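Every chain is numbered from 1, with letters handed out A, B, ... down the list of sequences. Because the structure is a prediction, the values reported are computed rather than measured.
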Amino acid sequence: MKFSHFCQVLSQLEQTSSRNQMVVILSGLFKNLRPEETAETIYLLQGRVAPLYEPIEFGLSDKLLVRAISKAYEVENSAVVHQQQKLGDLGKATETIASQRGKNVKSDQSVFQVHARLFAIAKTSGLGSVDKKINLVGDLLSLLDPLSVRFVIRIVLDTLRLGFSDMTMIEAFSWSIDNSKAHKLIIESAYNIRPDLGQIATILKKDGISGLRRLQPSVNTPILMARGERLTSGEDIINKIGRCALEHKVDGFRLQIHFSKKRDTVRLFTRNLEDATVMYPDVVEGIKQQINAAEAIFEGEAVGYNEKSGQFLPFQETVQRKRKYHIEEKALEIPLKLICFDVLYKDGQTLLSRPYGERRKILEDMVKSGPVLSVIEEKVVETPEEVKVFFQDAVTRGLEGIFAKRLDGAYQAGARGWNWIKYKRSYAGRLEDTLDTVIMGYDYGTGKRTSFGIGALLLGVYNPKKDRFETISKMGTGLTDIEWKEMRQKLDLLKVSEKPARYEVDKAQTVDIWVNPKIVIQVRADEITRSPVHTAGKDNQQLGYALRFPRLETIRDKIPEDASSVAEVISIYKAQGKQKV
DNA sequence: GATGCCTGCCC
DNA sequence: ATTCTGC
DNA sequence: GCAGAATGGGCAGGCATC
């Protein structure tokens, strides 16, 4: 298939908002693919050159692509950035430039050839590689017509923005068989345990649906991880799932463990299925010592642990264990605990569709007591009151929230199903988790937000001692489309051409448009953290303070000097609890 | 060798 | 991570 | 209610540059 034709289909998809219609279009595209080019084309449809979990990345994003585009079409960097801001999309910006400056290219590259070039770009590394990659992108652009240029840029950016993703493709695969969605479940089940749409599509082409039916979970092939839905009260939880198991929500990072005793292997996968085995040798050793099974796939939350105090460490410290170098030293400094909470496969048996209660028992039998692994404590409850008590206790201990798990629920791989429900302190609507902040400026935004001309706000708190506004966060969520438009109108009345003198802002947090301090908004956050880039409470070389997961609560009727003060921020930070095991 | 921009991946 | 929106 | 697309802080690491 010609890449230019492929891009015409993408363009057609971009103009389609009905997912059913997308399914028909994608299915047509899929049917036109030869088996040898199927996998590559599917990866490109996902804005990639390889499956999600392969560590093959372009290492080029908007900043470096702007340089590549500017060089390829011999225009100024600033001209590219201008188009990008105007259109909210670097792909469209490049398309525009290409049609103005390009040499009327007759593009006859195949999808396969473009994939190969993109793959080569992703594989380029080492001294001088930035310039090399920029040149390779330029070479590719020069071979393509303007429409193809639009999509090739978006593929590199990993933002195809066509309104479809995995699930729509799966429906399209089903449609390609007999114009129905009847096979969706089988394909989805196959995808859950072999999360590589290129491979799924290839199997479908070669062996049909029966080829997918045969697939079983396999040790060392990651399984798509289940996610929880969110609810905000004990009543809602009991109404939704009835009698359930409650667990503390541990603030570390998710690991899926693939263990084989006979091969003496352990592999660790992150939530996005990246292989993280080499990063956590202490966890690997713990698993070898404490797992009583010939083969198993199970999950847990890895969290840093302070041996002296017996407390879990905050996420900011735990995450330092995610590294490529100095692994052993850091492991001594920040040892990890693995809090296990589910098992998906054991000794030849798939457990995915077994009830949670049953999986839990198998897990308990499988994990021997020892220094690294433990099974998460649970409490089985059946009333909203019991949920409330458990939740309150968790909050008092400084935890971020709880999980409620349906006792008869299957492991919903990939899905955000209702078998697991997340209930966090910050959802509870308490005033203590909000701050009143001043809007200091805004960014134009990209994609969908371009039409509003605003995508994110820069927020600050007031420092009365210095009479300055110091940044605490940017914020890009919590407003409806209408509210964004209204906000843009309000802010335009306050727009200034230079950063106001009373603003204290790090270079890394500059915005497209500065505004005078006038509008105060109430912002909800999960936590206050120490920040290397936000200036709130920052003294000399010290760290400042920032918000974790900031979102709009309401607009306040207050003067900016009455916004939350730096002192308040610091006192909330100090009041944040530490977590006992 | 130190610094800073940029990216990818955790949440 | 959170949140909003079209289907 | 699902699927998708907007957006956040902040860590380590790659590379360019001083």
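Judged by distance alone, the side chains of A/Q522 and A/D436 never bring a donor and an acceptor atom under 3.5 Å apart. Using a 3.5 Å distance cut-off with no hydrogens or angles, the side chains of A/T168 and A/R19 do pair a donor with an acceptor. Between the side chains of A/E553 and A/T434, no donor-acceptor pair is found at a separation under 3.5 Å. Between the side chains of A/Y442 and A/R488, at least one donor-acceptor pair of N or O atoms lies under 3.5 Å. Side chains of A/S531 and A/R548: a donor-acceptor N/O pair is absent below 3.5 angstrom, by distance only. One side chain, A/D196 or A/Y43, offers a donor N or O that lies under 3.5 Å from an acceptor on the other.
Of the side-chain N and O atoms in A/K249, one or more sit less than 4.0 angstrom from OP1 or OP2 of C/dA1. Within the 4.0 Å cut-off from OP1 or OP2 of D/dG10, not a single side-chain nitrogen or oxygen of A/K322 is found. Between A/K448 and C/dG6, a side-chain N or O to OP1/OP2 separation shorter than 4.0 Å is absent. Dashed line: the shortest gap from a side-chain N or O of A/Y427 to OP1 or OP2 of C/dT2 is under 4.0 Å. In this structure, A/W418 reaches the D/dC2 phosphate: one of its side-chain N or O atoms is under 4.0 Å from OP1 or OP2. OP1 or OP2 of C/dT2 lies within a sub-4.0 Å distance of a side-chain N or O belonging to A/K422. Close to C/dT3, at under 4.0 Å from its OP1 or OP2, lies a side-chain N or O of A/R230. Contact between the side-chain N/O atoms of A/R19 and the OP1/OP2 oxygens of C/dC7 is not found at any separation under 4.0 Å. Contact between the side-chain N/O atoms of A/Q316 and the OP1/OP2 oxygens of D/dC11 is found at a separation under 4.0 Å. Contact annotation: A/R551 side-chain N/O to C/dT2 OP1/OP2 distance is not under 4.0 Å. Side-chain nitrogen and oxygen atoms of A/R161 include at least one within less than 4.0 Å of the OP1 or OP2 phosphate oxygen of D/dA6. For B/dC9, the OP1/OP2 oxygens have no side-chain nitrogen or oxygen of A/T270 closer than 4.0 Å. Taking only side-chain nitrogens and oxygens, A/Y325 comes nearer than 4.0 Å to OP1 or OP2 of D/dG14.
Of the two residues contacting DNA chain D, namely A/S165 and A/G476, the nearest-nucleotide position lying further toward the 5' end is that of A/S165. Along DNA chain D, the nucleotide nearest to A/I472 and the one nearest to A/V130 differ in position, and the one closer to the 5' end is contacted by A/I472. Both A/V319 and A/L64 lie near DNA chain B, and the one whose nearest nucleotide falls closer to the 5' end is A/L64.
In the set B/dC9, D/dG10, C/dT2, the nucleotide with an atom closest to the side chain of A/D526 is C/dT2. Listed nucleotides B/dC6, D/dA3, B/dC9 differ in distance to A/E274; the shortest reach to its side chain belongs to B/dC9. Across D/dG10, C/dC7, C/dT5, the shortest atom-to-atom separation from the side chain of A/S17 is found for C/dC7. Picking from B/dC6, C/dA1, D/dG9 the nucleotide with the shortest atom distance to the side chain of A/K63 gives B/dC6. Considering only side-chain atoms of A/R323, the nucleotide from C/dT2, D/dA6, D/dG13 that sits closest is D/dG13. Considering only the side chain of A/K474, D/dG9 comes nearest among D/dG9, D/dC11, D/dC2. The A/K324 side chain lies nearest to D/dG13 when the options are B/dT7, D/dC2, D/dG13.
A cation-pi arrangement is absent between A/K485 and A/F452 under the rule of less than 6.0 angstrom and at most 45 degrees off the ring axis. Figure legend: cation-pi geometry between A/K181 and A/W175 absent, as NZ or CZ is not positioned both under 6.0 Å from the six-membered ring centre and within 45° of its axis.
Note on A/T168: only backbone sugar-phosphate atoms sit closer than 4.0 angstrom, heavy atoms only; bases stay farther off. In this structure, A/F549 reaches the bases: a heavy-atom distance under 4.0 Å links it to at least one base atom across the strands shown. Using a 4.0 Å heavy-atom criterion, one finds that A/R530 contacts the sugar-phosphate atoms exclusively. When heavy atoms are screened at a 4.0 angstrom cut-off, A/R254 is found touching the sugar-phosphate backbone but no base atom. Here A/L162 lies in heavy-atom contact (under 4.0 Å) with sugar-phosphate atoms only. No contact: A/K132 has no heavy atom under 4.0 Å from any strand. A/L552 comes within contact range of no nucleotide atom at all, as no heavy-atom separation falls under 4.0 Å. No engagement by A/N20 is indicated, since no non-hydrogen atom pair under 4.0 Å with the nucleic acid exists. The residue A/D443 sits apart from the nucleic acid: no heavy atom pair falls under 4.0 Å. Across all strands, A/K330 comes closer than 4.0 Å to no nucleic acid atom at all (heavy-atom distances). Heavy atoms of A/K240 sit under 4.0 angstrom from primed sugar atoms or phosphate atoms, though from no base atom. Looking at heavy-atom distances under 4.0 Å, A/T446 makes contact with sugar-phosphate atoms alone, never a base. When heavy atoms are screened at a 4.0 angstrom cut-off, A/K507 is found touching the sugar-phosphate backbone but no base atom. Counting any heavy atom pair closer than 4.0 Å across all strands shown, A/P532 reaches sugar-phosphate atoms only and no base atom.
Computed from coordinates, the A/F312 CZ to B/dC11 P distance equals 16 Å when rounded to whole Å. Distance A/M487 CE to D/dT7 P: 16 Å, rounded to the nearest Å. Regarding A/L458, its CG atom lies at a distance of 13 Å from the C1' atom of D/dG9, rounded to whole Å.
Annotation: side chain of A/I339 is in contact with side chain of A/F312 (closest heavy-atom distance under 4.5 Å).
Across B/dG8 and C/dA1, the matching C1' atoms stand 16 Å from one another, rounded to whole Å.
Side-chain atoms of A/T477 and base atoms of D/dT7 include no donor and acceptor less than 3.5 Å apart.
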